[in-house]
Enquirer: 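Attaching a single structure in C-alpha cells format; questions to follow.
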Amino acid sequence: MLETSPPIPTYDIPGPEGRRVVAAESATVTTGTKTAPIVVKRASGLLVEDVDGNVFLDFTSGMVAATGHSHPKVAEAIAEQAERWLFINSPDFYSPLQAEVAERLVRLVPGLHSKKVFLCNSGTEANEAAIKATRWNKPTRKRLIAFIGAFHGRTMGANSMTASKIAQRARFTPNMPDVHHLPYATCYRCPYKMTYPNCDIWCARILEELYFKQLIPPDEVSAIFVEPIQGEGGYIVPPPEWVPIIRDIASRYGIAYVDDEVQAGMGKTGKMLAIEHFGVTANCTSLGKALGSGVAVAATVLDADLDFGEQGAHSNTFGGNGIALAAAKATLDVMEEERLVERAAELGGYFIAKLRELQERFVAIGDVRGKGLMLAVDFVTDRASRTPDPAFRDRVLKRCFLHGLMLLPCGFSALRFTPALVVDRTQIDRAVDILERAIREA
Ligand SMILES: Cc1ncc(COP(=O)(O)O)c(C=O)c1O
C-alpha cells in the first residue's frame with residue numbers, strides 16, 4: 001500500500017483533513033508531548049501515511065514497534081489470541097501463554113541468579129515494581145539513587161528518579177523523598193569538565209568516594225537505577241568502564257542494581273539488552289516499549305530473591321492480558337526468525353558511518369553517537385565549546401517532517417534515530433538524504 005519514492009517531497013502539514021483532526025484532538029486530549037502535526041491514517045513497516053495522503057519514513061517508532069509497524073506475524077498473533085481469550089485476571093489465574101512468555105523473558109535477561117517476572121503495561125509501571133520489590137525486600141533501606149538526565153517514567157515513584165527535563169519535575173514536588181541524583185557519564189559534555197580517559201571515570205567513582213561518605217548512607221540505599229544508554233537524556237553512551245564500576249559499587253554495598261532497558265533494550269543497540277555491551281548483569285531489569293511491537297506490555301525481571309514474599313504486596317489488573325502476551329510472544333519470535341538483533345548491529349554500523357560523513361560536512365553537527373540502531377546527532381553552536389543549539393535542532397527537525405522523515409528530539413540539542421529493526425539500507429540512505437537537505441535549509 002505504501003511506498004517511498006524519490007524525489008524528496010515537501011508536504012504541507014497538516015493538510016486539510018489533518019487540520020480538522022488536530023483541532024479536534026487539541027480540544028479534548030490533555031497536553032502531552034506533541035512534536036509534529038502528523039495525523040496518522042495507517043502505518044506499515046517503516047512507512048506512515050497521513051490522512052491527507054502524505055507518506056512519511058518513520059525513524060521514531062522502532063523504539064516501540066521495533067519489528068516495524070503492524071508486522072503481519074504480530075498482527076496475526078493478536079487476532080488469533082483475540083478469538084481465544086482477551087482477558088483473564090493473569091495475576092490471579094494461570095495460562096500456558098503467560099507461563100511461556102515469563103519463561104522466555106527469564107531466559108532473555110542475562111543473570112547469575114534465577115529470575116522472576118512481573119508483567120505490566122508500561123515502562124513506568126515496570127520501574128514502580130522495581131522500586132517496590134527492592135524496598136519490600138530491603139525494608140530498612142529507603143533511599144534510591146538515579147542519574148541526572150535519566151528518564152524512568154512519569155508516575156510519582158518513577159518520576160522521582162526522572163531528571164531529563166525541568167518540565168517533568170516542576171510543580172510535582174514533593175517527589176518521593178530520599179532519591180539522590182548523580183551526574184551521568186556524559187563524556188561529550190562532562191559535568192566535571194574532565195576528559196576521558198584521564199578522568200579515571202570519576203563520575204562513577206565519586207559515588208563511593210564522596211556521596212557515600214558525606215551525603216548518602218550506603219546501607220540505607222535499596223536500589224540504583226541505571227539506563228545503560230541514556231535515552232531521553234540524549235542517547236548518551238557511557239564509557240565502557242562506567243557501568244561495571246557502578247555495578248561493582250552496588251554489589252559491594254548490597255544495593256540492587258536496576259537496569260532500565262525500557263528504551264535501549266530489545267535489540268536496538270545490536271545486543272538484545274544494552275547492558276550486554278558492558279559485560280555485567282543486573283538484579284532487576286525493566287523492559288517495555290519494543291517488547292510488544294506497539295502493544296502495551298512491559299515487564300520487571302528480577303532476581304528471585306527480590307520477589308514479593310507475600311500475596312497482594314504487589315499486583316495489577318491488565319498485566320499479562322491476552323493481547324499483551326500474544327504480542328510479546330510474537331515479537332520475540334519475529335526477532336529470532338528475522339535475526340533483528342544482528343540486523344541492528346550490522347545496519348547500525350552502516351547508518352552511523354553515514355551520519356559521521358555528514359558530520360564531516362556540517363560544522364553544526366557536534367557529535368554523532370549511539371549503538372546499533374539507537375543513534376543520535378547533536379547540534380552545537382560551535383564545535384570547540386560544544387554549546388548545544390536546540391533552536392537549530394528544532395529547525396532541522398521541522399524541515400525533516402516537511403520532507404517526509406519522522407524523527408524525535410532528545411537531550412538538549414540532539415535528534416534521535418530509532419528506525420524499526422527491519423529497516424533496509426535504501427531507507428537509511430533516504431533518511432540521511434532528507435536529513436542533509438533539512439540541515440542545509442535550517
Ligand atoms: C528508559 C525509560 N524508562 C522508562 C520509560 C517509561 O516508559 P513508559 O512511557 O512506557 O511509561 C521510558 C520512556 O520513554 C524510558 O525511556
Side-chain angles (χ1 to χ4, degrees), residues 30 32-35 60-66 109 118-132 144-165 167-169 172 175-176 179 181 184-186 223-238 243 246 257-269 273-275 277 282 284-302 316 318-319 321 324 327-328 331 370-376 407-411 414 416-418:
T30 58
T33 55
K34 293 283 195 219
T35 307
T60 71
S61 299
M63 204 194 305
V64 177
V109 174
F118 171 71
L119 288 164
C120 52
N121 310 283
S122 62
T124 201
E125 197 187 346
N127 284 327
E128 294 288 343
I131 296 172
K132 287 180 72 180
L144 294 171
I145 295 175
F147 292 90
I148 294 176
F151 192 93
H152 295 296
R154 296 175 189 274
T155 48
M156 282 308 260
N159 202 63
S160 308
M161 299 187 296
T162 286
S164 71
K165 286 194 185 75
Q168 295 152 353
R169 296 180 67 92
F172 295 126
N175 286 286
M176 228 169 64
V179 178
H181 284 88
Y184 193 74
T186 312
I224 181 162
F225 279 71
V226 185
E227 285 172 273
I229 293 177
Q230 207 173 61
E232 303 296 311
Y235 277 29
I236 295 164
V237 185
V243 167
I246 298 284
Y257 185 97
V258 182
D259 177 34
D260 185 344
E261 296 271 352
V262 171
Q263 182 142 177
M266 303 308 297
K268 272 159 255 174
T269 66
L273 298 183
I275 197 172
H277 290 285
C284 195
T285 302
S286 301
L287 301 172
K289 291 197 191 290
L291 180 55
S293 290
V295 170
V297 50
T300 320
V301 183
L302 34 83
N316 62 5
F318 286 112
N321 71 74
T331 300
K371 279 199 185 288
L373 288 171
M374 182 180 178
L375 301 176
L407 295 179
L408 287 176
C410 64
R416 57 182 132 169
F417 303 83
T418 55

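The structure displayed is predicted, hence computed values, not measured ones. Read the numbers this way: they start at 1 and go in the same order the structure lists the ligands and their atoms.
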Enquirer: ring-ring contact (aromatic ring centres under 6.0 Å, His included) with Tyr235: which residues, sequence neighbours excluded?
Expert: none
Enquirer: In chain order, what residues pass the ring-ring contact (aromatic ring centres under 6.0 Å, His included) check against Phe225, with sequence neighbours excluded?
Expert: His152
Enquirer: List by chain and number: which residues place a heavy atom under 4.0 Å from ligand 1?
Expert: Ser122, Gly123, Thr124, Asn127, Phe151, His152, Gly153, Glu227, Glu232, Asp260, Val262, Gln263, Lys289
Enquirer: Would you sort out whether Glu227 and Gln263 count as a side chain to side chain donor-acceptor pair (under 3.5 Å), showing the intermediate values?
Expert: CA-CA 8 Å; Glu227 285 172 273; Gln263 182 142 177; 5.5 Å; no
Enquirer: Can you check whether Ile148 reaches Tyr184 side chain to side chain, under 4.5 Å on heavy atoms?
Expert: no
Enquirer: Got a sec, which residues hit ring-ring contact (aromatic ring centres under 6.0 Å, His included) with Phe417, two or more places apart in sequence or on another chain?
Expert: Phe351
Enquirer: State, without any angle test, whether Thr124 and Thr155 hold a side-chain donor-acceptor pair at a distance under 3.5 Å.
Expert: yes
